[in-house]
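Start at 1 and go down the list; that is how both ligands and their atoms are numbered.
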Amino acid sequence: MSADFRTASLSQLTGQDEFIQRHIGPDAEQAQTMLQALGLASIDELVRKTVPAGIRLDGRLALNGPRTEAEALAELRAIAGKNKLFKTYIGMGYHDTHVPNVILRNVLENPGWYTAYTPYQPEIAQGRLEALLNFQQMIMDLTGMEMANASMLDEGTAAAEAMAMCARQNKKNRSTTFFVDADTHPQTLAVIRTRAEHFDIEVVTGSADELASTECFGALLQYPGSTGAVRDLTDIIAQAHDNKTLVTVATDLMGLMLLKSPGSMGADVVVGTNQRFGIPMGFGGPHAGFFAFREAFKRSAPGRIIGVSVDTKGKPALRMAMQTREQHIRREKANSNICTSQVLLAVMSVFYAIYHGPEGLKRIAERIHRLAALVSEGLSAKGFIVVHDSYFDTITVDMGSAKKQEGIYQAALIHEINLRKVDETRLGISLNETTTLDDVSRLLNVFCAGDHALDLEAMDAELAAQGTPGIPASLKRTDAVLTHPVFNSYHSETEMLRYVKRLESRDVALNHSMIPLGSCTMKLNATAEMIPVTWPQFGKLHPFAPLEQTQGYQALFEELQNLLKACTGYDAISLQPNAGSQGEYAGLVAIKKYFESKGDTERDICLIPASAHGTNPASAQMVGMKVVVTACDSKGNVDLADLQAKIDTFGERIACIMVTYPSTHGVFEEGITQLCDMIHAVGGQVYIDGANLNALVGLAAPGQFGGDVSHLNLHKTFCIPHGGGGPGMGPIGVGAHLAPFLPGHPISAVPGTNPANGTISAAPWGSASILPISWMYIKMMGAEGMRKATEIAILNANYVAKRLGDHYPILYKGSEGFVAHECLLDLRPLKEASTITEEDIAKRLMDFGFHAPTMSFPVPGTLMIEPTESESKAELDRFCDAMIAIRREIAQVESGELNADQSPLRHAPHTQDDVLTDNWERPYNRDTAARPASWLKIHKVWPSVNRIDNVYGDRNLICSCPSPEAYTEG
Ligand SMILES: *Cc1c(COP(=O)(O)O)cnc(C)c1O
């Protein structure tokens, strides 16, 4: 490696491939040592012996680069500079906001928060679990509902999930009609319509007054309406209940600071988005959708719910409630296919509420309302027709003609102001937290040919005397909200900073140690990749801003699509799906539409191998396909004989197969090309789940070895951080024949798509503002780096498999004895011999400072380890040393030297309370308990609770913040 600097060329001195070396953990020397341990001469030999020859790419990826960090940032800055930041009053669920700086820097820009994983190991995730419990409490308080989940992907999907849940839940009304308020955000309606189409639900729209006379199982009402109207829904909902119709209300969190809650009006479900609680608009996302519901629906609700349980000492402790509902267990009976959701954004918004407190939020809401009232009064005074008498933040003006509407719309644009065109004659104006009195004055000037000549300060004084002029007395919120101490204790920045830090320090994230989660690809999320996310040129754009203002984003999308095409071998990419699950759904919809276009309408079967992730069958049932499970053989491969038998049975009823490649069993199946051929031979389509793309990029391309469509989890292979359980992005790549069926959007046309294909996400390009992360990654790696990352990911996995293979059986290997980029440890024999379970091992790893690998997926009684390319040999060795030390402890139990129930394995994880006790009475010492390896004497994250009792929490379901005393009693 060491170049002779005196003779190096300038380009060598520039360190053009420096980022590759930073992203990849092992240097050349470490890689060589690992190859030697595996008995291999070179990486090429490893690749030859793992990746089947039939699928291997011969050329290099069609990518430029690599770029240095500085070059890539400069290039992206130029692209971002093409986005224009206008004052935007479009509303429709997206509003500019001030991200409190203490949250911006210490949460959104802090790897301690953004690199965490979904809290499946709750003892080392109490920080974000507490934040999420606070989020649920905030949503319950503001919506007036009994329960809330811990986030949805966006408002549109939350509404579609509400419809699906009401269909499941409403046993008393057999109607297949769903009613949607005509004054609903059009993107919400589009997402609902798409979902309904595949569930055989008919959607009708009408004014809320028409609900009573519509026979339907469920309805969605928007409050305040999309055009701003605020009305009391109490009687409408009561009437609907008389008709056995369940009612979902889509609402606005800020408005609910002033408005009577939907819960108090009788709503069954309440949905919306948290965006305006301190999350940048980001051209559509990511934000957290929310979902609140009656307690009676708790077993039927979609998404994750955080609940309070107790640990082995009886101390309150948090974890995901009803984890057995998680999709890989419920599979096709799952409530929804949502896996990755929006944890980081849920956390940010509740911190916003905690920082401002109920009084601060109320002040912000009152101020927005006052500004709206000024606009309303000002326009009325000038003779404009303001449509709604009652409103919160949105004023709709009827201009009387399209010509007049266009005139004002264009005049606004000249002043760098975006208004909403509601329909042919009306204009919409939604005000937000960042709006000032000057802004209102400028707005009025646009309507008044440059000079409104109103005394706004005098008007303000008059309006102040009226309190909330746009909200009728009967609709004013009178109950106290956010009364829990957590919302009333951290209003100084010092207190806030310490609360955020206190929670962060309870959690293990990638800033502490490797997180070897199989199938989840917890690799480096480089700082240079993250920096652009918080540039205003990406953050402050409204998703429905005019195309001329979003040229930077358009350029970014086009380039990223090309980069992803080059990486996957597909012909077209849709950037709309907000997670892998949504990509699966979008891909299956495309397959359905493709068959429909050919008049081939009898295909209703989706074949899924037993090793599949639970989202696969859950997605299949969302598009009305029937799931047929195909077997795996003893080597973990899809059993091609069984597959042939299924093909013989179902023939041309087969729509597709969904297969993960390399499989979740951690092997490159040699039969993949044959499998694809077999499905194609009966006219079916091949969906390749791209979650394991980290084992493929640069070596093999799913679009070339037989895939018709794949989703790409950008939060796995392409470096978007997991955020503690979201955000993510799940774009899909498709072959040319499926390209005409990619999702469209009703408001901002997505180039090359037809709105009739349906809409998967609320925003046209999903969570657009995190796409720069993947763009930066691919640019800085280039063809050479992308390939090398894959090779080292496979090398690292094989090195770990080799070191651990002497101590734990590796369940599956390829024909030459190597694994792919992950491996499964089979713990069942050990459990048989010692009663020590995979859970004991997972909890004991916490004492060593590690997050456990994926547990019991896809095979019960196993751990799935995926080290990724970003971990150095030293870190891999540390992890292996921990696993080997644990194996020795198991051996002590096996030999009878140690009783299982008295072993450190069973007592794990150990807390400070455990080891600081005055009467230590265990057969092992305190150092063994809490510092079983040398590195723990230098740095340790203490699990803040003992092992959590999941069953207790599910029997006594509490999903709101317990009183503070509850924490001290235990
Ligand atoms: C992660 C994963 C998914 C689901 O992706 P999300 O982005 O979490 O929705 C699907 N399949 C496999 C194999 C996965 O590992």
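The shortest N or O to N or O distance between Gly580 and ligand 1 is below 3.5 Å. Checked against a 3.5 angstrom limit, the closest N/O atoms of Thr664 and ligand 1 fall outside it. Between Lys716 and ligand 1, an N or O atom pair is found at a separation short of 3.5 Å. By the 3.5 Å distance cut-off applied to N or O atoms, Asn616 is not counted among the residues near ligand 1.
Looking from atom 10 (C) of ligand 1 to the surrounding protein, the closest heavy atom is Thr615 OG1, 3.2 Å. Ranking the protein heavy atoms by distance from atom 5 (O) of ligand 1 puts Asn713 ND2, 2.9 Å first. Atom 8 (O) of ligand 1 has as its closest protein heavy atom Thr340 OG1, 2.5 Å.
Stacking of Arg56 on the aromatic ring of Phe668 is not recorded, the 6.0 Å distance cut-off and the 45° axial limit not both being met.
The Asp689 neighbourhood of ligand 1 comprises atoms 10 (C), 11 (N), 12 (C), 13 (C), with distances under 4.0 Å to a heavy atom of that residue. For ligand 1, the atoms lying closer than 4.0 Å to a non-hydrogen atom of Ser519 are 13 (C), 14 (C), 15 (O). Atoms of ligand 1 found under 4.0 Å from any heavy atom of Ser581 (numbered from 1 in listed order, with element): 5 (O), 6 (P), 9 (O). Interface atoms of ligand 1 facing Cys339, defined by a heavy-atom separation under 4.0 Å, are 8 (O), 9 (O).
For the ligand labelled ligand 1, residue Gln582 lies outside the 4.0 Å heavy-atom shell.
The structure places NZ of Lys716 at 14.5 Å from CE of Met729, a figure rounded to the nearest 0.5 Å. Taking CG of Asp708 as the reference point, atom SG of Cys656 lies at 9.5 Å (rounded to 0.5 Å).
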- Item | side chain to side chain donor-acceptor pair (under 3.5 Å) evaluation trace for Thr115 with Asn525 | CA-CA 7 Å; Thr115 67; Asn525 316 115; 5.2 Å; no
- Task: Could you check Ser519 against Thr664 for side chain to side chain donor-acceptor pair (under 3.5 Å), going step by step and ending with a plain yes or no?
- Result: CA-CA 7 Å; Ser519 206; Thr664 53; over 6 Å; no
- Apply side chain to side chain donor-acceptor pair (under 3.5 Å) to the pair Asn616 and Glu584, showing each step before the final yes or no. CA-CA 7 Å; Asn616 293 181; Glu584 291 172 18; 3.0 Å; yes
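Residues Gln187 and His745 are in side-chain contact: their nearest non-hydrogen atoms beyond the backbone lie under 4.5 Å apart.
Comparing Met864, Glu822, Glu866, His715 against atom 7 (O) of ligand 1, the shortest heavy-atom distance belongs to His715.
Heavy atoms of Ala691 found under 4.0 angstrom from ligand 1 belong exclusively to the side chain.
Thr717 and Ala691 make their closest contact through OG1-O, 4.2 Å (heavy atoms, listed as atom of the first residue, atom of the second, distance).
Counting only N and O atoms by type, the side chains of Asn578 and Ser767 include a donor and acceptor under 3.5 Å apart.
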